[in-house]
**Q** 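Following this message is one structure expressed as structure tokens.
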Amino acid sequence: MTTAVVTDSFVDQLNSKIQQRQARVGIIGLGYVGLPLALLYSEQRFKVTGFDIDPRKIEMLAKGGSYICRIATEEIQAAKINGFTATSDYSELSAMDAIIICVPTPLNEYHEPDLSFITTTTHAIAPHLRAGQLVVLESTTYPGTTEEVMIPILEKENKLALKASRGTTLGSNEFLVAFSPEREDPGNTSVARRDIPKVVGGLNAMASDVACTLYGSIFNRTVPVSSPSAAEMTKLLENIYRCVNIALVNELKLLCLRMGIDIWEVIGAASTKPFGFHPFYPGPGLGGHCIPVDPFYLSWKAKEWDFRTRFIELAGEININMPYHVIQSVGKALNSRKKSINGARVLVLGVAYKKDVDDLRESPAITIIELLQKEGAEVSYNDPYFPIIGKGRKYDLQMKCAELDDLAKYDCVLIVTDHSDYDYKRIVQEAQLVVDSRNATRGIHSHKIVLC
Ligand SMILES: NC(=O)c1ccc[n+]([C@@H]2O[C@H](COP(=O)([O-])OP(=O)(O)OC[C@H]3O[C@@H](n4cnc5c(N)ncnc54)[C@H](O)[C@@H]3O)[C@@H](O)[C@H]2O)c1
């Protein structure tokens, strides 16, 4: 492979290559974040190559199919016409002008950051790196990951002795690096993806500049910040803000239940304040890949600085307790009908971590099903997005979605996820007892409903 001659005018050339849609974009990790991103670039006529280690995904995309509910097969097919391909062959990376990494960042069994996906990916990129390429990390992570974890691997393991560009001019043996967090809100149709501003933190001004040009071609606004760490921290602040505020309303819900006050009515009334209040809603516990996970990336990192992030710990404690509160409420509701959880037939309605999404990751429904089973309940579930619940990283349930046809046979219908497609009026009419953790039955008056 020949080494490109890289100069400052090279940055101008790269910017104009992006503007003219001639830059090749490589996206690593074609999951909930990477695949939609690939489609956005493809829609803007970029030639996009997706990289993933999951052969089923590569095969499905090659056939023009989709494995994400909200992405129609037509979108994949349209992207293919625009040159979108998917592969697990990393050697194709050297042909890319920009490489965007969207791999998972979970917690390990000790609730600590698991950066193995980022490190594995970086080890795989390094041998194919070439001068002048832009590498952007999008995976949510603690401040310092880009500079302390990713760059050292790229610098050490590339074959051309390349270095990340840190100065004010771009050397001929340098590549560009930035961090830009993903801000997608699955299931939220009120904000077009294009209208969500994109925060970008380059390792130097040139990296920020090129990354802003790249993202500016698919987002209406880019927000450059001073460093990758500032961008990494921005994403964590956003998610910690949600996590802490959800914990606040979850705790106040418990108090309101005890005081006989409807927390939903209170939040609705408080939301009429035109300034200084943003509503958050209580629920059966946190779910999804972000809010239950990301804050702990920061609390782990903070320990290195001899610092305890007490808000995160407290919010975690309250939120983690919510599924136990739901079980307690089911027990009380059954008890008031002279029944016990042990032996009760319980239908869990909705298992996705939030409404109208096909994502089960960290869903409180899983914990709730496991806890009910532990207490001796005979548990079934219904969720239009999940015909089966098999085995995940932390569970092995092997359950099949129950029909919604004979609700009277259950001692309790427990609403865990308030999907829009459910006919709650009919559910209440037919069920013996409905325990509602989402206020999905608002407006329906029945002695069968127990809010929890
Ligand atoms: N899902 C969201 O709504 C959301 C929102 C904001 C941020 N994020 C963050 O974005 C990142 C990705 O999340 P996601 O939801 O897309 O995850 P995901 O699990 O849906 O997708 C990750 C993809 O990466 C692939 N992968 C793993 N290791 C790989 C490797 N070495 N090389 C190539 N591909 C590899 C997996 O096969 C998978 O297809 C995470 O850091 C997450 O915290 C997610």
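The first residue of the sequence shown is numbered 1, and numbering continues consecutively from there. As the structure is a prediction and not an experimental result, all values here were calculated from the model.
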**Q** Could you tell me whether R194 atom CZ has more than 12 heavy atoms of other residues or ligands within 6.0 Å of it?
**A** yes
**Q** Salt bridge check, E238 against R183: does any charged N sit closer than 4.0 Å to a carboxylate O?
**A** yes
**Q** Between W300 and Y142, what is the ring plane arrangement, given parallel below 30°, perpendicular above 60°, and tilted in between?
**A** tilted
**Q** Is a side-chain donor-acceptor pair under 3.5 Å present for D114 with S116?
**A** yes
**Q** Quick check for you: to the nearest 0.5 Å, what is the distance between S329 atom OG and D436 atom CG?
**A** 11.0 Å
**Q** Please determine which of D418, D185, D383 meets the salt bridge (Lys or Arg N to Asp or Glu O under 4.0 Å) test together with K354.
**A** D185
**Q** Is a side-chain N or O of T119 found less than 3.5 angstrom from the main chain of L115, in a donor-acceptor match?
**A** yes
**Q** For atom NE2 of H278, decide whether the heavy atoms of other residues, nucleotides or ligands shown that lie under 6.0 angstrom number more than 12.
**A** yes
**Q** Is it the case that atom CD in E403 sees more than 12 heavy atoms from other parts of the structure closer than 6.0 Å?
**A** no
**Q** For the CZ atom on R337, are there more than 12 heavy atoms of other groups (residues, nucleotides or ligands in this structure) within a distance under 6.0 Å?
**A** yes
**Q** Regarding D89 and T87, is there a side-chain donor-to-acceptor distance under 3.5 Å anywhere?
**A** no
**Q** Quick one: pull up CZ in R426 and CG in L404 and give me the separation to the nearest 0.5 Å.
**A** 6.0 Å
**Q** Could you give me the CA-CA distance, side-chain angles and deciding distance for Q432 and K409, then say whether side-chain contact (heavy atoms from CB on, under 4.5 Å) is met?
**A** CA-CA 8 Å; Q432 295 184 43; K409 74 179 179 204; over 6 Å; no
**Q** Residues two or more places apart in sequence or in another chain: which of them pass salt bridge (charged side-chain N to carboxylate O under 4.0 Å, His left out) with R45?
**A** none
**Q** Can you tell me if R193 has over 12 outside heavy atoms packed within less than 6.0 Å of its CZ?
**A** yes
**Q** Can you tell me if Y353 uses its side chain to pair, donor with acceptor, with the backbone of G285 under 3.5 Å?
**A** no
**Q** Can you spot which of I240, L286, N319 makes a side-chain contact (heavy atoms from CB on, under 4.5 Å) with I291?
**A** L286
**Q** Quick check: does any side chain N or O of D411 sit under 3.5 Å from a backbone N or O of R345, one acting as donor and the other as acceptor?
**A** yes
**Q** Of all the heavy-atom pairs spanning G202 and A178, show the shortest one and how long it is.
**A** CA-CB, 3.8 Å
**Q** Do you know the tightest heavy-atom contact between T73 and G65?
**A** CG2-CA, 4.0 Å
**Q** Keeping the roles fixed (side chain from T140, backbone from D294), state whether a donor-acceptor pair exists under 3.5 Å.
**A** no
**Q** I'd like to know if the side chain of Y395 and the backbone of T367 have a donor-acceptor N/O pair within less than 3.5 Å.
**A** no
**Q** Apply side-chain contact (heavy atoms from CB on, under 4.5 Å) to F179 and L203, showing your working.
**A** CA-CA 8 Å; F179 181 87; L203 189 62; over 6 Å; no
**Q** Would Y67 and Y32 count as a close aromatic pair, with their ring centres under 6.0 Å?
**A** no
**Q** Might you point out which heavy atoms bring P323 and P364 nearest each other, and give the distance in Å?
**A** CG-CB, 4.3 Å
**Q** Walk me through whether F280 and Y241 qualify under ring-ring contact (aromatic ring centres under 6.0 Å, His included).
**A** CA-CA 10 Å; F280 288 85; Y241 168 78; 5.5 Å; yes
**Q** Using atom types as modelled and distance alone, determine if a side-chain donor or acceptor of N108 lies under 3.5 Å from a backbone N or O of H111.
**A** yes
**Q** Tell me the salt bridge (charged side-chain N to carboxylate O under 4.0 Å, His left out) pairs involving residues 138-149, sequence neighbours left out?
**A** E138-K198, E148-K301
**Q** Look only at the side chain of T417 and the backbone of H419, and say whether a donor-acceptor pair between them is shorter than 3.5 Å.
**A** no
**Q** Can H289 and E362 be counted as having a side-chain donor-acceptor contact under 3.5 angstrom?
**A** no
**Q** Any idea which heavy atoms bring S66 and M60 closest together, and the distance?
**A** O-CE, 3.8 Å
**Q** Should I101 and M150 count as side-chain neighbours, where that means a heavy-atom distance under 4.5 Å?
**A** yes
**Q** Compare every heavy atom of L236 with every heavy atom of P143, then report the nearest pair and how far apart it is.
**A** CD-CD1, 3.8 Å
**Q** Measure the CD-CG distance between E251 and L248 for me, rounded to the nearest 0.5 Å.
**A** 7.5 Å
**Q** Between E184 and R70, does at least one N-O distance fall below 4.0 Å, as a salt bridge requires?
**A** yes
**Q** Where does the angle between the aromatic ring planes of W264 and Y281 fall among parallel (under 30°), tilted (30 to 60°) and perpendicular (over 60°)?
**A** parallel
**Q** Calculate, to the nearest 0.5 Å, the distance between atoms OG1 and CG belonging to T146 and L137 respectively.
**A** 4.5 Å
**Q** Indicate yes or no: does K425 engage D423 in a salt bridge with an N to O separation below 4.0 Å.
**A** no
**Q** Which residue in the set L93, V25, V136 passes side-chain contact (heavy atoms from CB on, under 4.5 Å) when paired with I99?
**A** L93
**Q** How long is the span from the CD atom in E182 to the CD1 atom in I100, to the nearest 0.5 Å?
**A** 10.5 Å
**Q** Please check this pair: side chain of S227 against backbone of A230, looking for a donor-acceptor N/O pair closer than 3.5 Å.
**A** yes
**Q** Please check this pair: side chain of R21 against backbone of Q44, looking for a donor-acceptor N/O pair closer than 3.5 Å.
**A** yes
**Q** Which residues pass the salt bridge (charged side-chain N to carboxylate O under 4.0 Å, His left out) test with E75, sequence neighbours left out?
**A** none
**Q** Going from OG on S336 to CG on L334, what distance comes out if it is rounded to the nearest 0.5 angstrom?
**A** 7.5 Å
**Q** Checking N342 against S340 for the side-chain hydrogen bond (donor to acceptor under 3.5 Å, both in side chains) test, could you report, in this order, the C-alpha distance in whole Å, the side-chain angles of both residues, the deciding distance, and whether it holds?
**A** CA-CA 5 Å; N342 194 355; S340 64; 5.6 Å; no
**Q** Please report the shortest heavy-atom distance between S208 and G201, naming the atom on each side.
**A** OG-C, 4.1 Å
**Q** Would L254 and N250 count as a side-chain contact (heavy atoms from CB on, under 4.5 Å) if you check the C-alpha gap in whole Å, the side-chain angles of each, and the deciding distance to 0.1 Å?
**A** CA-CA 7 Å; L254 300 184; N250 275 334; 6.0 Å; no
**Q** For K47, look at atom NZ and say whether over 12 heavy atoms of other residues, nucleotides or ligands are found less than 6.0 Å away.
**A** no
**Q** Quick one: do the N382 and Y422 side chains pair a donor with an acceptor below 3.5 Å?
**A** yes
**Q** Between S420 and K355, is any pair of side-chain heavy atoms under 4.5 Å apart?
**A** yes
**Q** Where do K63 and Q77 land on the side-chain hydrogen bond (donor to acceptor under 3.5 Å, both in side chains) test, with the steps shown first?
**A** CA-CA 9 Å; K63 286 185 190 150; Q77 284 149 22; over 6 Å; no
**Q** Using the side-chain contact (heavy atoms from CB on, under 4.5 Å) rule, take L397 and Q373 through it: C-alpha gap first, then chi angles, then the decisive distance, then the call.
**A** CA-CA 10 Å; L397 287 173; Q373 287 176 336; 3.7 Å; yes
**Q** Please check this pair: side chain of S88 against backbone of I53, looking for a donor-acceptor N/O pair closer than 3.5 Å.
**A** no
**Q** Taking everything shown except F277 itself, do over 12 heavy atoms lie less than 6.0 Å from its CZ?
**A** yes
